[in-house]
Structures are given as structure tokens and as C-alpha cells.
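It should be emphasised that the depicted structure is a prediction, and the values quoted were computed from it without experimental measurement.
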Amino acid sequence: MIADLGCGRGELGRLLLGVGSDAPGHVASRVDGFDADPDQIEAARGRARAEGLTGKLRFEEADVRSIPRSDATYDAVVCQALLTHVSRPEEVVSEMVRLVRPGGLVAVIEPDLPGAIQATDDRHQSDLLRAGLLRRLETATQGAARRGLGSWDAAATADTLLESAGLVETHTRTEEGLLRLTPPYSPSEEQVRAALLSWTDLDALAAEAAMQRWLSADAFPNGELTVLEEAERRAAESRTEELRRGQWHGTVACPLVVTVGRRPHSSV
């Protein structure tokens, strides 16, 4: 049995069904998802009902720092893109360790935000724009940490968090998450194009830029940020238009850092 903290709409839970432990022939028969957002939980439950998975996927509203389950309930405990959004990620990791059985696994999956900027290959994103985006991200990360608004560097610090929580055999790997397109698009590339277009939300981009501007205000002159945001918006609009026409070529990177550790067996 697996617990998924910060489960959102349950996408990761579907992938986890059938993932085994170390025991030969053993597969997970159930995934319990927990999230503090009632709307996300309701959406996750609705989809599970529609797919006939209510017995295998169960979702519950809960504070991820205080899950209403006994110690050592689960064979594995995972979270994805959760630590980035909490100001004290060590509290979440501590709860994950409490929930997992001795010998069980804890897995943390976080986006590599600087890696996404650096690895994206788009002719609309100049070296100057890329450098500006990296600088804005760095200053915003520092600003978020000062204000207790999240741990935007969670991907880089997850291994230390797991080791500090007493986990052993920790290891980290990066899934590159590269989405490449070269026109004319093949059938598989058409699926990639559809995915990239579905992720395009210029209003969301503007909202994110506004948040980063606020977090960077102490270290990044506002005039420079305005120029950077305009360049970012133009690049996004150009990419979107070319994607719609089937003419865009390049690589979009969505790297994920996966950090895993094992809870030690109790000493005798």
C-alpha cells in the first residue's frame, strides 16, 4: 500500500498502482492520496469513480504534515511537486518517514526549475532572456524562502532532507523530461504538440511573472523586470503561434529530480 502526499487530482496515484515493493510478485493494491485542497480531492474522487478505481484509489482531505494514519502504515510514501510549495519541507519529510514501515521507501519528486530554463532550446528564447530568467528565479527563490512562501530549491536539497530525517540508501536521479519537435510532425510529435499547447496559458505566465517580480523586488530593479517579462511574453506568444501552425521546432525541458531513501529497520 502506498501513500501519495499532496496528491492533487490523483494523476501520480494512477501511475503508482501496480508498482511493487522489493518482494517478488508483490504489487501495490491500493494508493491513498492526501491533499489539503478539497476541490482537488473531490475531482480525484470523481475520476476514480468514473474509472471504477474507488477500491484501489482513495482520496482524503488532510494536512500533509499531519496525516490521520498510524505509524508505519505504508510500504512506500511519495510526493510530487509538493516540497516546492511548503515553507518547512522538513516537516513533510518527517511525516513521510513516520508513515512508512521500517524498510519501506520514501520518494520525493520535484521539478528542477533552473534545469528547465537551461535545457529548453527555443529560438525565441535568446541567451540574454535565458540568463534573465535564471537570475529572476534565483532572486525569487531567495525571496520566497525569506517570506516563508515555499522552498523553490527543493529539488536541489531533497537528498539532504531525506538523510537528515534518518533515511538510508538515499539516491537521486534526474528525469530529463525533454519534449522535442521538428516539422513536419510525426504522429507521436503531434501528441507532443497537443501537450505543449494544452500547457500554454499566457494569463498563468503573467501571474507567475508577477509573483516572481514581487519576490525579487529587493534584488532586481523593477524596470529590468518589466523588460524581462515583456521579452518572456513575446517568446511565449511566438512559440504558441508556431505550434498552432505546426512550424515550431525545438526542445522544451520539464526535468524532474527523483530522490529516494529507505527507512531503516528497527534495531533489535
> Apply side-chain contact (heavy atoms from CB on, under 4.5 Å) to residues Phe34 and Glu95 and explain how you reach the verdict.
CA-CA 12 Å; Phe34 302 94; Glu95 182 67 353; over 6 Å; no
> Kindly give the heavy-atom pair with the smallest separation between Ala36 and Pro38, and that separation in Å.
O-CD, 3.3 Å
> Return yes when atom CZ of Arg65 has more than 12 non-hydrogen atoms of other residues, nucleotides or ligands closer than 6.0 Å, and no otherwise.
no
> Less than 4.5 Å apart, any side-chain heavy atom of Cys79 and any of Val93?
no
> Give a yes or no answer on whether the side chain of Arg180 reaches the backbone of Thr251 with a donor-acceptor pair at less than 3.5 Å.
no
> Kindly compute the distance separating OG (Ser238) from CZ (Arg233), expressed to the nearest 0.5 Å.
9.0 Å
> If you look at every heavy atom in Ala44 and Gly10, which pair is closest and at what distance?
CB-N, 4.1 Å
> So, for Val106 and Leu162, which heavy atoms are closest and what is the spacing to 0.1 Å?
O-CD2, 4.0 Å
> Rounded to the nearest 0.5 Å, what separation is found between the CH2 atom of Trp199 and the CG atom of Leu243?
11.5 Å
> Evaluate salt bridge (charged side-chain N to carboxylate O under 4.0 Å, His left out) for Glu241 paired with Arg245, printing each intermediate quantity in order.
CA-CA 6 Å; Glu241 181 58 31; Arg245 296 199 306 262; 3.3 Å; yes
> Evaluate Leu137 against Leu133 for side-chain contact (heavy atoms from CB on, under 4.5 Å), listing each step before the verdict.
CA-CA 6 Å; Leu137 176 61; Leu133 294 175; over 6 Å; no
> Tell me whether the count of non-hydrogen atoms from other residues, nucleotides or ligands lying under 6.0 Å of CD in Glu176 goes above 12.
no
> Does some side-chain heavy atom of Met211 sit less than 4.5 Å from a side-chain heavy atom of Leu215?
yes
> Is there a path of hydrophobic side-chain contacts, each under 4.5 Å between heavy atoms of I/L/V/M/F/W/Y residues, joining Val257 to Val108?
no
> Could you tell me the separation between the CD1 atom of Ile67 and the CG atom of Leu5, rounded to the nearest 0.5 Å?
4.5 Å
> Of the non-hydrogen atoms in Asp32 and Tyr74, which two are nearest, and what is the gap between them?
OD2-OH, 2.7 Å
> Is there a donor-acceptor contact under 3.5 Å from the side chain of Glu110 to the main chain of Ala158?
no
> According to a hydrophobic-cluster definition based on side-chain heavy atoms being under 4.5 Å apart (Ile, Leu, Val, Met, Phe, Trp, Tyr only), do Leu205 and Leu196 belong together?
no
> Begin with the C-alpha distance, continue with both residues' side-chain angles, and end with the deciding distance and a verdict on salt bridge (charged side-chain N to carboxylate O under 4.0 Å, His left out) for Arg239 and Glu242.
CA-CA 5 Å; Arg239 179 197 297 171; Glu242 289 186 2; over 6 Å; no
> Between Thr73 and Ser70 (side chain of the first, backbone of the second, donor and acceptor by atom type, cut-off under 3.5 Å), is there such a pair?
yes
> Would you say that Thr240 contacts Leu197 through its side chain, given a criterion of any heavy-atom pair below 4.5 Å between the two side chains?
yes
> Roughly how far, to the nearest 0.5 Å, is CZ of Arg213 from OG1 of Thr226?
6.0 Å
> Could Arg88 and Glu90 be called an ion pair, given the rule that one side-chain N must be under 4.0 Å from one carboxylate O?
yes
> Check step by step if salt bridge (charged side-chain N to carboxylate O under 4.0 Å, His left out) holds for Arg234 and Glu237.
CA-CA 5 Å; Arg234 288 197 305 268; Glu237 288 178 345; over 6 Å; no
> Do Pro114 and Leu134 have side chains that approach each other closer than 4.5 Å (heavy atoms only, starting at C-beta)?
yes
> Could you walk me through whether Phe59 and Gln40 pass side-chain contact (heavy atoms from CB on, under 4.5 Å), step by step?
CA-CA 9 Å; Phe59 300 100; Gln40 296 278 48; over 6 Å; no
> Enter the distance from Ile117:CD1 to Leu113:CG here, rounded to the nearest 0.5 Å.
7.5 Å
> Between Leu57 and Leu17, is any pair of side-chain heavy atoms under 4.5 Å apart?
yes
> Determine, stepwise, if the pair Arg135 / Glu138 fulfils salt bridge (charged side-chain N to carboxylate O under 4.0 Å, His left out).
CA-CA 5 Å; Arg135 181 183 170 200; Glu138 180 182 3; over 6 Å; no
> How about Val192 and Tyr185: do any of their side-chain heavy atoms sit closer than 4.5 Å?
no
> What distance do His249 atom NE2 and Thr182 atom OG1 have between them, rounded to the nearest 0.5 Å?
8.0 Å
> What is the minimum heavy-atom distance between Leu105 and Val100, and which atoms define it?
O-CG2, 3.5 Å
> Is there a side-chain contact between Val252 and Asp122 (heavy atoms, below 4.5 Å)?
no
> Is the backbone N or O of Ala154 less than 3.5 Å from a side-chain atom of Ser151, with the two atoms forming a donor-acceptor pair by type?
no
> Do you reckon Ile2 sits in the same ILVMFWY cluster as Ile41, going by side-chain contacts under 4.5 Å, direct or chained?
yes
> Looking at Glu91, is its backbone amide N or carbonyl O close enough to the side chain of Ser94 to form a donor-acceptor pair, meaning the two atoms are under 3.5 Å apart?
no
> Between the side chain of Arg58 and the main-chain N/O of Arg30, is any donor-acceptor distance below 3.5 Å?
no
> Would you call Arg49-Glu42 a salt bridge at under 4.0 Å N-O?
yes
> How close do Val260 and Val258 get, heavy atom to heavy atom, and via which atoms?
CG2-CG1, 4.1 Å
> Strictly distance-based, threshold 3.5 Å: is any side-chain N or O of Thr139 a donor or acceptor partner for the main-chain N or O of Arg136?
yes
> Mind checking what makes side chain to side chain donor-acceptor pair (under 3.5 Å) contact with Glu51, not counting sequence neighbours?
Arg14, Arg47
> Whether the side chain of Gln247 engages the backbone of Pro183 through a donor-acceptor N/O pair (distance < 3.5 Å, no angle test) should be reported.
no
> Decide yes or no on side-chain contact (heavy atoms from CB on, under 4.5 Å) for Leu167 and Arg263, but give the supporting numbers first.
CA-CA 5 Å; Leu167 296 177; Arg263 180 177 174 180; 4.0 Å; yes
> Do Asp75 and Arg101 have side chains that get closer than 4.5 Å, going by heavy atoms?
yes
